[in-house]
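Starting off with a structure, shown below.
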Amino acid sequence: MNIGSEFICTTQVEPSNCASAVGSGGLDVFATPSMIALMEKAAYTLVQGSLAEGESTVGTQMNVDHVKASKIGDTITAKAVLTDIDGRKLTFDVTATDSAGNTIGHGTHTRFIIQIEKFLSRL
């Protein structure tokens with residue numbers, strides 16, 4: 001896991017990930033929660049392979065702007081770039097673009113490295 005490493009995830013806009021389906025609005029457009037989930041998936045996937053056995057990461061902060069709507073059938077690409085490592089705290093720049101290359105969202109995301117058993121024992 002190195003500063004500057006990046007990972008990309010894609011999804012297609014479909015009725016199940018639209019605002020009308022997830023309860024974040026009434027329109028059949030790509031939902032903000034769906035965009036955030038795709039960004040988080042990119043960050044999680046980026047670092048997961050670098051962790052020790054028994055470790056994972058949990059998201060603790062997402063600060064994003066959703067700046068452009070996307071219609072059903074469009075392909076959305078989310079990219080996470082690791083920008084800082086501070087002990088167990090990992091910080092990422094996250095962006096989402098549509099199939100035309102337009103930025104639809106951008107921001108930052110924070111994750112913490114956790115020991116899975118210890119984390120779950122505290123619930």
Nearest heavy-atom approach of Leu82 to Leu90 is CD1-CB, 4.0 Å

Under the 3.5 angstrom rule, does the side chain of Asp86 hit a backbone N or O of Thr91 as a donor-acceptor pair? no

Could you give the distance from CD1 (Ile113) to CZ (Arg88), rounded to the nearest 0.5 Å? 8.0 Å

Where is the tightest heavy-atom contact between Thr108 and Val94, given as atom of each residue plus distance? N-CG2, 4.0 Å

So, Gln12 side chain and Gly73 main chain: donor-acceptor pair closer than 3.5 Å or not? yes

Is there any salt bridge (charged side-chain N to carboxylate O under 4.0 Å, His left out) pair reaching into residues 95-112, and which pairs are they, with sequence neighbours excluded? Glu40-Arg111, Lys68-Asp98

Has the side chain of Asp74 got a donor or acceptor atom that lies under 3.5 Å from a matching backbone atom of Ser99? yes

Flag for Asp28-Ser20: side-chain donor and acceptor within less than 3.5 Å: yes

Classify the side-chain pair His106/Thr95 by whether it contains a donor and acceptor separated by less than 3.5 Å. no

Side chain to side chain donor-acceptor pair (under 3.5 Å) filter on Ser56, not counting sequence neighbours, yields Gln48

Shortest non-hydrogen separation from Ala31 to Cys18 and the atoms involved: CB-C, 3.7 Å

To check you understand the geometry: which heavy-atom pair defines the closest contact between Ala42 and Lys79, and what is its length? CB-C, 4.5 Å

Under 3.5 Å: donor-acceptor pair, side chain of Ser34, backbone of Phe30: no

For side-chain contact (heavy atoms from CB on, under 4.5 Å), just list the numbers for Glu55 and Gln115, CA-CA rounded to whole Å, side-chain angles, deciding distance to a tenth of an Å, and then say yes or no. CA-CA 5 Å; Glu55 290 182 332; Gln115 298 293 325; 3.1 Å; yes

Treating Ile, Leu, Val, Met, Phe, Trp and Tyr as nodes and any side-chain heavy-atom pair under 4.5 angstrom as an edge, say whether Val58 and Ile116 lie in one connected cluster. yes

Any link between Ile3 and Tyr44 through a network of hydrophobic side chains (Ile, Leu, Val, Met, Phe, Trp, Tyr) touching at under 4.5 Å? no

Euclidean distance, Lys71 NZ relative to Leu27 CG, rounded to 0.5 Å: 15.0 Å

Gly105 versus Val67, closest heavy-atom pair with distance: N-CG2, 4.1 Å

Using side-chain heavy atoms (C-beta onward) and a distance below 4.5 Å, is Met1 in contact with Ile85? yes

Residues in side chain to side chain donor-acceptor pair (under 3.5 Å) contact with Thr97, at least two apart in sequence or another chain: none

Are the side chains of Leu38 and Ile76 in contact, using a 4.5 Å heavy-atom criterion? yes

Using a 4.5 Å cut-off on heavy atoms from C-beta on, say whether the side chain of Thr75 contacts that of Thr11. no

Could you tell me if the side chain of Thr110 sits less than 4.5 Å from the side chain of Phe92, heavy atoms only? no

Separation between CE (Met39) and CG (Asp93), nearest 0.5 Å, reads 10.5 Å

Do you know the tightest heavy-atom contact between Ser5 and Asn2? OG-O, 2.8 Å

Backbone N or O of Glu14 within a donor-acceptor pair of the Asn17 side chain at under 3.5 Å? yes

Approximate separation, where rounding is to 0.5 Å, of Met62 CE and Thr32 OG1: 11.5 Å

Same hydrophobic cluster for Val64 and Ile104, using side-chain heavy-atom links shorter than 4.5 Å among ILVMFWY? yes

